[in-house]
Amino acid sequence: MPEETDANPPATPTSPTAPTVTPIRVVIGLCLIAPFVAMLWVSSYAKVEPTFIGIPFFYWYQMLWVLISTALTMTAYKLWQRDQRARKGGASA
């Protein structure tokens, strides 16, 4: 078994380079994963009814998620910017 050297110590939770799970990062993750879950769960929207201006549910539901995904991605980005500013001591970016 190779021995660890002092040149490359393992990342620990107290290390400044170790990622930290914070509530804002959990929200960011949820914003980014929600569209994938919604689109991969095909059985939830694989139907014709209800139609919207003559468009079957299957199609308009997916197009609605394009808009929702855009809003969620923008929200995640803004939260990420706020998180990074807070980590750098409040300096404006």
Side-chain angles (χ1 to χ4, degrees):
M1 223 153 91
E3 292 184 27
E4 286 187 40
T5 63
D6 290 320
N8 295 323
T12 61
T14 59
S15 173
T17 59
T20 308
V21 177
T22 61
I24 197 165
R25 288 185 176 193
V26 171
V27 171
I28 291 169
L30 291 174
C31 284
L32 295 175
I33 198 75
F36 288 102
V37 172
M39 291 293 92
L40 290 175
W41 186 21
V42 178
S43 63
S44 70
Y45 62 92
K47 51 191 169 187
V48 176
E49 296 294 328
T51 59
F52 176 69
I53 60 170
I55 302 171
F57 181 72
F58 181 78
Y59 295 112
W60 69 258
Y61 177 81
Q62 291 178 68
M63 293 309 295
L64 180 63
W65 269 101
V66 170
L67 300 174
I68 294 170
S69 298
T70 302
L72 288 173
T73 303
M74 182 182 69
T75 302
Y77 177 70
K78 293 296 182 182
L79 289 172
W80 180 257
Q81 284 182 325
R82 184 187 308 174
D83 184 57
Q84 292 305 302
R85 276 194 303 270
R87 287 180 167 273
K88 291 180 181 175
S92 58

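Proximity of I33 to V37: side-chain heavy atoms (C-beta onward) are separated by under 4.5 Å at one or more points. Using a 4.5 Å heavy-atom cutoff, the side chains of M63 and I55 are not in contact. Contact annotation: the side chain of R25 never approaches that of L30 to less than 4.5 Å [non-hydrogen atoms, C-beta and beyond].
Between the side chain of Y61 and the main chain of M39, no donor-acceptor pair closer than 3.5 Å is present.
Cluster annotation: V21 and W80 are assigned to distinct hydrophobic clusters (Ile/Leu/Val/Met/Phe/Trp/Tyr, side-chain heavy-atom contacts under 4.5 Å, transitive). When the side chains of ILVMFWY residues are joined at heavy-atom separations under 4.5 Å, either directly or via intervening members, I53 and L64 end up in a single hydrophobic cluster.
Taking both residues in full, the closest heavy atoms of C31 and P35 are given as O-CD, 3.4 Å, listed atom of the first, atom of the second, then distance.
Each of F58, F57, Y59, W60 was evaluated against Y45; a single residue qualifies, F58, per the ring-ring contact (aromatic ring centres under 6.0 Å, His included) test.
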Name the atoms and distances for all side-chain donor-acceptor pairs under 3.5 Å in residues 66-78, with sequence neighbours left out.
{"unit_1": "S69", "atom_1": "OG", "unit_2": "W65", "atom_2": "O", "d": "2.6"}
{"unit_1": "T70", "atom_1": "OG1", "unit_2": "V66", "atom_2": "O", "d": "2.8"}
{"unit_1": "T73", "atom_1": "OG1", "unit_2": "S69", "atom_2": "O", "d": "2.8"}
{"unit_1": "T75", "atom_1": "OG1", "unit_2": "A71", "atom_2": "O", "d": "2.8"}
{"unit_1": "Y77", "atom_1": "OH", "unit_2": "Q81", "atom_2": "NE2", "d": "2.9"}

*asked:* Applying side chain to side chain contact (heavy atoms under 4.5 Å, CB included) to I28 and R82, what does each step give before you reach the verdict?
replied: CA-CA 11 Å; I28 291 169; R82 184 187 308 174; over 6 Å; no
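Going from atom CD1 of I24 over to atom CG of L79 covers 4.5 Å, rounded to the nearest 0.5 Å.
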